[in-house]
Engineer: 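Pasting a structure here, questions to come.
Naming convention: chains lettered A, B, ... in sequence-line order (proteins, then strands); numbering from 1 in each chain.
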Number of protein chains: 2
Amino acid sequence: MSAELLKKHKIRVTPFRIKVLSVFKKTHSALSLSDLESGIGEFDRVTLYRTIKTFLDKGIIHEILMPGDIKKMALCQDGCNTHLHDHKHLHFHCDSCQETFCIDLPAYPEIVLDGFDIKQIEIQAQGVCKNCG
Amino acid sequence: MSAELLKKHKIRVTPFRIKVLSVFKKTHSALSLSDLESGIGEFDRVTLYRTIKTFLDKGIIHEILMPGDIKKMALCQDGCNTHLHDHKHLHFHCDSCQETFCIDLPAYPEIVLDGFDIKQIEIQAQGVCKNCG
DNA sequence: TCATATTTGCAATTTTGTTGCATTTGTTTA
DNA sequence: TAAACAAATGCAACAAAATTGCAAATATGA
């Protein structure tokens with residue numbers, strides 16, 4: 001339940017935040033800013049910006065940036081919080097339906113670069129998704 | 001030489017484009033929009049936007065989007081053109097010096113997802129680079 | 001060198017994001 | 001359950017970033 005999620009991250013439960021979360025929960029793919037805007041209905045732009053910022057800071061949602069200036073957001077996994085975003089999944093963008101999905105990977109690829117200390121790896125994939133293929 | 005690069009992609013050789021390319025060639029890391037702006041000196045913003053758009057379209061440069069809303073650009077490999085961007089490298093962002101590098105990989109990870117037709121994979125890594133580590 | 005399509009630079013406009021502040025609301029605790 | 005207080009909201013004003021249309025300038029091929 002959305003209220004629990006907010007409490008877990010120690011921020012207040014407000015109608016607007018519940019509304020935003022409900023838009024995220026309604027879909028299984030990641031949302032762009034305009035997806036959110038149209039999903040919410042009437043809203044104040046400033047409040048939405050601040051809500052998104054808070055959700056990002058608290059580890060409630062994460063940003064997904066894909067080639068072609070595509071910027072989306074999706075709900076985080078349970079383990080995420082303000083300081084740690086640990087997503088053992090890749091982000092897949094379908095060139096056909098334009099949707100972006102978070103897909104869990106059984107084994108996350110290991111990459112070693114001599115001299116570099118790699119702290120985090122993100123994988124972005126593009127192609128045709130299960131529904132469109 | 002920069003003029004050759006423009007000719008190869010069938011666009012006109014102009015002082016402004018040469019200037020922009022020279023900024024790219026001067027550095028080994030990827031450039032943000034403001035890096036470019038300060039590298040060029042005096043310029044018209046509209047012309048810069050259009051030049052970037054043209055270079056992206058023609059496959060002369062590619063965009064790199066990293067977590068934290070970091071957006072940079074870098075010169076493409078030889079093989080790139082309007083329709084195909086084939087980068088067998090990963091993008092590494094150093095949390096210390098804030099620079100972003102394209103790093104060639106000897107072996108690019110193979111990823112298979114049941115039902116999905118993966119056409120392209122991009123890997124973004126974060127951590128501490130060779131120079132800072 | 002000329003003709004022509006491309007590119008540039010400017011002005012105006014639109015879109016996107018930010019700041020400050022007064023009001024409202026959620027939560028804690030007595 | 002009421003009061004107290006911090007957090008969140010909504011509005012207005014502002015600032016920054018990006019886009020459009022168009023006239024003038026320029027690169028290129030004949």
Engineer: Roughly how far apart are F92(B) CZ and C129(B) SG, rounded to 0.5 Å?
Structural biologist: 6.5 Å
Engineer: Please list, in numerical order, the residues of residues 44-53 of chain B that have a heavy atom closer than 4.0 Å to any atom of DNA chain D.
Structural biologist: V46(B), Y49(B), R50(B)
Engineer: Rounded to the nearest angstrom, tell me the gap between atom CD1 in I60(A) and atom P in dA8(D).
Structural biologist: 11 Å
Engineer: Examine distances only and state if a side-chain atom of S38(A) and a backbone atom of D35(A) form a donor-acceptor pair shorter than 3.5 Å.
Structural biologist: yes
Engineer: Can you measure from OG (S22(A)) to NZ (K25(A)) and round to the nearest 0.5 angstrom?
Structural biologist: 9.5 Å
Engineer: Look only at the side chain of R17(A) and the backbone of L6(A), and say whether a donor-acceptor pair between them is shorter than 3.5 Å.
Structural biologist: no
Engineer: What is the per-nucleotide protein-contact pattern of nucleotides 25-30 of chain D, from the 5' end, where B denotes a base atom under 4.0 Å from a protein heavy atom, S denotes such proximity for sugar-phosphate atoms only, and - denotes neither?
Structural biologist: --BS--
Engineer: Using the rule given for side-chain contact (heavy atoms from CB on, under 4.5 Å), can you reason through H93(B) versus Q98(B), listing the C-alpha separation, both sets of side-chain angles and the distance that settles it, and then say yes or no?
Structural biologist: CA-CA 6 Å; H93(B) 182 79; Q98(B) 302 294 321; 3.3 Å; yes
Engineer: Rounded to the nearest 0.5 Å, what separates atom NE2 in H91(A) from atom CD in Q126(A)?
Structural biologist: 13.5 Å
Engineer: Less than 4.5 Å apart, any side-chain heavy atom of I18(A) and any of T14(A)?
Structural biologist: no
Engineer: Taking CG from D69(B) and C1' from dA16(D), how many angstroms apart are they, rounded to a whole number?
Structural biologist: 15 Å
Engineer: When you measure from the side chain of Y108(B) to the backbone N and O of I121(B), does any donor-acceptor pair fall under 3.5 Å?
Structural biologist: yes
Engineer: Given 3.5 Å as the limit, does a donor-acceptor pair link the side chain of H9(A) with the main chain of K58(A), or not?
Structural biologist: yes
Engineer: Extract, from 5' to 3' on DNA chain C, the first and final nucleotides lying under 4.0 angstrom from some heavy atom of chain A.
Structural biologist: dT16(C) to dT27(C)
Engineer: Looking only at atom types and distance, does a side-chain atom of Q124(A) sit under 3.5 Å from a main-chain N or O of L65(A), one as donor and one as acceptor?
Structural biologist: yes
